[in-house]
Enquirer: 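If you scroll down you'll find the structure; I have some questions about it.
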Amino acid sequence: MSQQANPTVQAKVASEGKQEQQQEEEGIDFTLEMKSKTVLTTQCATAAAQNFVDSFYETLQRGKSPAQYYVSSSTKLTTVGGLRPDISINGRVCGDVAEYEKLLEAQGTPVHYEIHSFDAQPLNPGYVIGLTPAEQQQPVSSTRERDVAERLSFSVQVSGAVKLGKGEDVAEKDFNEAFVLVPHWEAQGRNASRNMRKWLVVSQNFRSF
Amino acid sequence: MAPTGPRNSAPRNNTRGAASGKSATRGGIAKRRAGGPIRVDRDGDLDMDAAAANGAGGRGKKSNPAPAGSTRKSTRTNASSSRPPRPTTKASHMVAKVIQGGTGSLHSRISQGIDPSSRHTRSSRPINGTNNKTLIVEGLQHSKARDNEGGGLKELLIFLERKATTAGKLSHSVRIKKSQVKGDLVYITASKEDAEHIMKVNGFDWAGTKVHITEADDQAPNGAEASSLSAQTQDVKENLRTMLAQRYDPGQKLLNLASLGSDSLLIQMNMFQESTPQKLFRALMVICDEQFKTAQAKRDAISSVTLAGNNIDDVGQVMTLTETFPDLIHLDLSNNSIKELRGLRKWQHRLRKLETLLLINNPIDTSTPSYKDELVSWFPRLQNLSGTQVRTAEQVAAAELANKPTPIPQSGPDFRDINGVGEQFITDFIRGYDMDRPSLAAKYYDEYSHFSLSVNGRSSHPPDIPLPQWGSYIKFSRNHVKITTTHARQQRLFSGTAVIQSVWQKLPLTRHPDLATQFDKYIIDCHPISGLADLSGQSMAGVDGMIITFHGEFEDQDPETKATTRRSFSRTIILGPGAPGRNPIRVASDVLTLKAYNPLPSVLGAAVANPAIPVAPQASASAEEVQKQQMLAELCRQTGMNEEYSRMCLDVANWVFDQALATFNEKRASLPADAFTVAGPV
């Protein structure tokens with residue numbers, strides 16, 4: 001992950017808006033631009049986190065496979081980026097999503113997740129893992145939210161309760177779950193399927209109490 | 001069924017019978033709202049399965065609401081109407097229907113003209129219940145609508161409802177609940193309130209005549225044959241009940257419905273001339289159902305049913321069995337004519353508790369020999385299929401246990417540190433957060449670091465501890481469940497050293513348990529992560545870091561009241577390489593969740609105390625876990641370190657035993673005293 005890159009190119013990649021493009025011409029450094037993006041990236045991160053939390057737990061509740069939520073479902077992230085999801089469930093490291101699914105299966109149904117709180121923060125507004133070097137150098141074109149979102153990774157922490165069983169048999173446990181999500185490049189293309197998740201989980205840490 | 005069952009004494013049954021006999025005479029006035037046109041099958045018989053869900057307000061094409069109303073009290077035991085009839089009523093109707101058999105068909109009733117009163121009529125029961133009123137409407141006979149299909153009744157009722165609604169200037173629609181044509185008169189029943197409004201329509205012009213409405217006296221129109229019919233109904237019902245009683249074996253909890261076709265009593269009653277076997281069976285089931293007040297009583301009385309020798313080729317013919325006895329355990333369908341799986345398919349998702357199913361001497365045995373596997377998969381508890389054991393009780397129990405949801409088991413800390421960075425950070429962080437937040441922020445947080453906190457006010461907590469106040473935190477809480485506007489979410493994300501310092505200063509002072517001596521009060525997981533922003537601008541692809549999620553507790557002191565409160569927290573911190581010229585480690589993201597105090601589960605010994613974690617059978621994983629446990633035990637033995645430190649050591653060494661041992665020897669001097677068990681190294 002230590003590719004050297006031309007600082008000018010980098011500035012271009014990260015640049016947002018005309019004002020910044022102007023600054024870039026004046027040779028402004030990368031970090032300042034990163035900061036100016038914070039407002040937009042925060043919006044993106046919270047909106048994307050909301051979407052993720054809303055649908056991820058719904059998927060688990062329905063007993064469906066959560067595989068589509070993980071970086072393992074993206075060819076670019078896995079082959080070009082060399083990523084695989086790091087899933088830690090109650091201290092147990094799952095080698096892949098399938099192993100996580102086995103844990104979920106063993107947990108059984110019915111299961112209900114109650115979300116008490118969640119919070120999200122932008123992490124890296126210039127995330128490029130999974131892009132080819134040529135793609136990395138294509139500048140992000142404008143200040144529109146969608147384009148900022150294109151290369152954003154973010155962190156999420158969810159706090160809630162997981163209810164197992166139904167009726168009098170229900171067993172309730174509080175849980176905390178932390179995620180890091182990264183852009184799903186295949187979902188961002190012009191002709192991308194609308195059903196694809198726009199962000200994918202690269203890191204997951206679950207603990208029940 | 002037990003009319004003679006131990007719980008059902010004969011006298012009680014008699015009184016019940018009497019009661020039902022009485023109610024059997026109800027129904028002279030049709031239930032208009034029964035809904036939808038009456039479905040009639042090819043033979044002119046009512047289609048018993050016609051759902052009662054057809055739109056309201058329709059009246060059969062055939063002008064005869066009265067029998068329709070009573071017939072529509074369907075045989076379904078699960079109430080499909082919002083106002084299910086009382087069981088006795090239902091049974092009586094059912095029995096009445098059975099008796100009427102072919103002659104009771106709608107077709108024949110229609111052929112008798114529109115006067116239905118000779119069928120089911122009320123005897124002495126007042127129609128005007130506490131809330132209803134019956135009115136007599138004259139005029140239908142002389143109206144132009146008389147020649148309409150249906151005799152104009154439908155048009156009349158719609159007219160009355162509409163005019164009454166407008167005359168009363170009502171916001172709701174007036175509803176006529178029942179109607180009955182009796183000679184030249186139409187009897188209608190509506191709620192008292194609606195009846196008053198309908199009275200206002202008195203004298204209105206309708207279809208070339210004047211509608212004349214008067215209040216009926218309490219007595220409904222009466223049919224002379226009514227009582228005799230009810231007596232007959234009651235008689236038949238009593239006979240069927242007797243038959244069921246004779247066929248009930250309370251010792252074995254067995255209801256023997258085998259070879260009904262040759263039942264002497266049924267033949268004597270001429271049942272098979274009067275009715276179809278399906279209808280008879282439904283009537284029997286309704287009578288059965290009526291004997292039990294609760295589902296439990298039913299389960300206690302009857303666990304087995306035999307339907308052997310009934311020439312059944314599709315269980316649809318005895319469908320009501322599964323409605324009346326959904327919890328049946330043993331069922332004998334031997335000596336029937338079931339030819340293929342399709343004949344059983346209707347019960348695929350029923351009889352979930354079935355343990356025995358006998359299909360001996362059915363054509364399916366030879367025609368579809370593979371049916372057994374399929375049947376086993378249909379009924380999760382099936383053990384005995386036609387005398388062959390297909391599952392053991394243990395297998396059933398195991399499968400049910402496996403199906404019962406169980407929480408994902410706890411394992412020890414998943415602390416995949418890199419060169420001790422995480423360990424050093426967490427130690428430094430907890431101490432700094434308690435003692436000197438400004439310095440902590442200055443050291444690890446820079447202008448691109450984010451901090452936010454969320455209050456989870458709904459977490460569980462021990463009942464003996466009062467819920468904490470959140471006053472000092474709530475104004476900073478960024479809980480997205482509560483804080484939903486973009487602006488507020490933006491405002492409550494704190495970025496940059498100075499901002500974070502100032503927020504931290506406003507938060508109450510805290511005291512966390514000592515990490516070294518009270519490690520059991522924490523759960524700390526961490527693992528490497530890639531693709532973090534590189535503040536040096538060197539690496540476009542980003543830099544590697546580490547994500548730490550830790551859970552624990554602290555005590556804080558309210559700045560004003562000085563009251564101390566214990567709280568629980570979960571915190572996820574993402575570490576990356578620091579910017580040039582700064583501390584080598586920086587915090588990129590710090591997400592804090594605060595909760596009411598609730599002690600953490602002990603996870604340190606979890607994996608050891610419960611090695612047989614009931615995770616889905618997965619040989620490789622458990623083998624790996626066993627191996628880890630062995631390593632852990634061996635490292636504890638050789639080094640004298642306690643389990644927690646041994647595990648940390650092995651984690652660092654990636655579970656390579658020799659390397660862990662080497663790490664231990666290297667760091668031995670720097671280890672705290674509590675890293676060792678009391679006994680010390682061997």
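What you see below is based on every heavy atom in this structure, not just the backbone, and it leaves out hydrogens, waters and symmetry mates. To find a chain, count down the sequence lines: A is the first, B the second, and so on, and within it residues start at 1. None of the values given here were measured: they were computed from a predicted structure.
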Enquirer: Which atom names give the shortest non-hydrogen contact between B:Ser460 and A:Asp174, and what distance separates them?
Expert: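 Closest heavy-atom pair between B:Ser460 and A:Asp174: N-OD2, 2.8 Å.
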
Enquirer: Look at A:Ser88, A:Ala171, A:Gly95, A:Gly130 and state which one has the largest set of heavy-atom pairs under 4.5 Å with chain B.
Expert: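 Top option by heavy-atom pairs under 4.5 Å: A:Ser88.
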
Enquirer: Does the side chain of B:Ser568 come within less than 4.5 Å of A:Phe209's, by heavy atoms?
Expert: no

Enquirer: I'd like to verify something: which residue of A:Asp119, A:Val202, A:Leu164 has the highest number of heavy-atom pairs under 4.5 Å with chain B?
Expert: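 Counting heavy-atom pairs under 4.5 Å, the top option is A:Asp119.
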
Enquirer: Atom OG1 in B:Thr593, atom CD in A:Glu177: separation rounded to 0.5 Å?
Expert: 12.0 Å

Enquirer: From B:Ser459 OG over to A:Glu114 CD, what is the distance, rounded to the nearest 0.5 angstrom?
Expert: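 The OG atom of B:Ser459 sits 11.5 Å away from the CD atom of A:Glu114.
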
Enquirer: Scan side-chain atoms only and decide if A:Gln107 and B:Thr406 contain a donor-acceptor pair under the 3.5 Å cut-off.
Expert: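 Side chains of A:Gln107 and B:Thr406: no pair found under 3.5 Å.
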
Enquirer: For chain A, find which of B:Leu592, B:Thr484, B:Asp590, B:Leu600 contributes the most heavy-atom pairs closer than 4.5 angstrom.
Expert: B:Asp590

Enquirer: Among B:Arg571, B:Lys482, B:Arg478, B:Arg492, single out the residue with the greatest number of heavy-atom pairs under 4.5 Å to chain A.
Expert: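 Heavy-atom pairs under 4.5 Å are most numerous for B:Arg478.
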
Enquirer: At their closest point, which heavy atom of B:Ala588 faces which heavy atom of A:Leu123, and how far apart are they?
Expert: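 Residues B:Ala588 and A:Leu123, closest heavy atoms: CB-CD1, 4.1 Å.
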
Enquirer: B:Ser589 versus chain A, heavy atoms under 4.5 Å apart: side chain, backbone, both or neither?
Expert: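 Both parts, heavy atoms under 4.5 Å.
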
Enquirer: Are B:Ser530 and A:Leu83 close enough that some pair of their side-chain heavy atoms sits under 4.5 Å apart?
Expert: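 Result yes, sub-4.5 Å side-chain heavy-atom pair found.
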
Enquirer: Just give me the residue among B:Ser454, B:Ser452, B:Pro601 that pairs up with chain A most often, heavy atom to heavy atom, under 4.5 Å.
Expert: B:Ser452

Enquirer: Look at the side chain of A:Gln43 and the backbone N and O of B:Thr486, then say whether any donor-acceptor pair between them is shorter than 3.5 Å.
Expert: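 Looks like no, no N/O pair under 3.5 Å.
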
Enquirer: What are the two closest heavy atoms between A:Val128 and B:Ala541, and how far apart are they?
Expert: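 A:Val128 and B:Ala541 have their closest heavy atoms at CG2-CA, 3.5 Å.
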
Enquirer: If we define contacts as heavy-atom pairs under 4.5 Å, which of B:Pro413, B:Pro407, B:Gly457, B:Ser495 has the most with chain A?
Expert: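 It is B:Pro407.
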
Enquirer: With side-chain contact (heavy atoms from CB on, under 4.5 Å) as the criterion, how do B:Val591 and A:Ser155 come out once you've worked through the C-alpha distance, each side chain's angles and the decisive distance to 0.1 Å?
Expert: CA-CA 8 Å; B:Val591 190; A:Ser155 63; 4.0 Å; yes

Enquirer: Can you tell me if A:Ser159 and B:Asn456 form a side-chain donor-acceptor pair at under 3.5 Å?
Expert: yes

Enquirer: Between chain B and each of A:Ile115, A:Val182, A:Val156, A:Val162, count heavy-atom pairs under 4.5 Å; write down the option with the most.
Expert: A:Ile115

Enquirer: Can a donor-acceptor pair be found, under 3.5 Å and without considering hydrogens, that links the side chain of B:Asn479 to the backbone of A:His116?
Expert: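 Looks like yes, one N/O pair under 3.5 Å.
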
Enquirer: Give the minimum heavy-atom separation between B:Ala533 and A:Asn124, together with the two atoms involved.
Expert: N-ND2, 3.3 Å

Enquirer: Looking only at side chains, do B:Arg489 and A:Gln50 share a donor and an acceptor under 3.5 Å apart?
Expert: yes

Enquirer: What part of A:Asn205 lies closer than 4.5 angstrom to a heavy atom of chain B: side chain, backbone, both or neither?
Expert: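 For A:Asn205, side-chain heavy atoms alone lie under 4.5 Å from chain B.
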
Enquirer: Any sub-3.5 Å donor-acceptor pair from B:Gln490's side-chain atoms to A:Leu40's backbone N or O?
Expert: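 No, the answer is negative, given that no donor and acceptor are paired below the 3.5 Å cut-off.
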
Enquirer: Identify the two heavy atoms, one from B:Val481 and one from A:Ser117, that lie closest to each other, and give their separation to 0.1 Å.
Expert: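 For B:Val481 and A:Ser117, the tightest heavy-atom pair comes out as CG2-CA, 3.8 Å.
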
Enquirer: Side chain from CB out, backbone as N, CA, C, O: work out which of these in B:Lys595 comes under 4.5 Å of a heavy atom of chain A, or both, or neither.
Expert: side chain

Enquirer: Hey, does A:Val111 have a side-chain heavy atom less than 4.5 Å from the side chain of B:Pro405?
Expert: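 SC-SC contact between B:Pro405 and A:Val111 ruled out.
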
Enquirer: Under 3.5 Å, is there a donor on one side chain and an acceptor on the other for B:Gln410 and A:Ser208?
Expert: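 Indeed, the side chains of B:Gln410 and A:Ser208 share at least one donor-acceptor pair under 3.5 Å.
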
Enquirer: Select one option (side chain, backbone, both, neither) describing which atoms of B:Ile483 are under 4.5 Å from chain A's heavy atoms.
Expert: neither

Enquirer: So does A:Arg62 have more than 12 non-hydrogen atoms from other groups sitting under 6.0 Å from CZ?
Expert: no

Enquirer: If you compare all heavy atoms of B:Gly412 against all heavy atoms of A:Arg207, which two are closest, and at what distance to 0.1 Å?
Expert: O-NH2, 2.9 Å

Enquirer: Check whether A:Phe118 gets within reach of chain B through its side chain, its backbone, both or neither, counting any heavy atom under 4.5 Å.
Expert: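 Both backbone and side chain.
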
Enquirer: So, taking the atom named CG in B:Leu532 and the one named OG in A:Ser153, what distance separates them when rounded to the nearest 0.5 Å?
Expert: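 Between atom CG of B:Leu532 and atom OG of A:Ser153 there are 7.0 Å.
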
Enquirer: Of the listed residues (A:Gly108, A:Gly160, A:Pro122, A:Ala49), which shares the most heavy-atom pairs with chain B below a 4.5 Å separation?
Expert: A:Pro122

Enquirer: How many angstroms lie between CD1 in A:Ile89 and CD1 in B:Ile408, if you round to the nearest 0.5 Å?
Expert: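 That separation rounds to 6.0 Å.
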
Enquirer: With distance as the sole test, does B:Asp414 use its side chain to make a donor-acceptor pair with the main-chain N or O of A:Arg92 at under 3.5 Å?
Expert: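 No.
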
Enquirer: If you round to the nearest 0.5 Å, how far is CD of A:Gln157 from NE2 of B:His480?
Expert: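 Here the rounded value is 12.0 Å.
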
Enquirer: Just how far is it from atom CG of A:Leu131 to atom CE of B:Met540, taken to the nearest 0.5 Å?
Expert: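 The CE atom of B:Met540 is 8.0 Å from CG of A:Leu131, to the nearest 0.5 Å.
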
Enquirer: Output yes when A:Asp86 and B:Arg416 qualify as a salt bridge under the 4.0 Å nitrogen-oxygen rule, no when they do not.
Expert: yes

Enquirer: Based on non-hydrogen pairs under 4.5 Å, which of A:Ala161, A:Ala120, A:Pro110 is most in contact with chain B?
Expert: A:Ala120

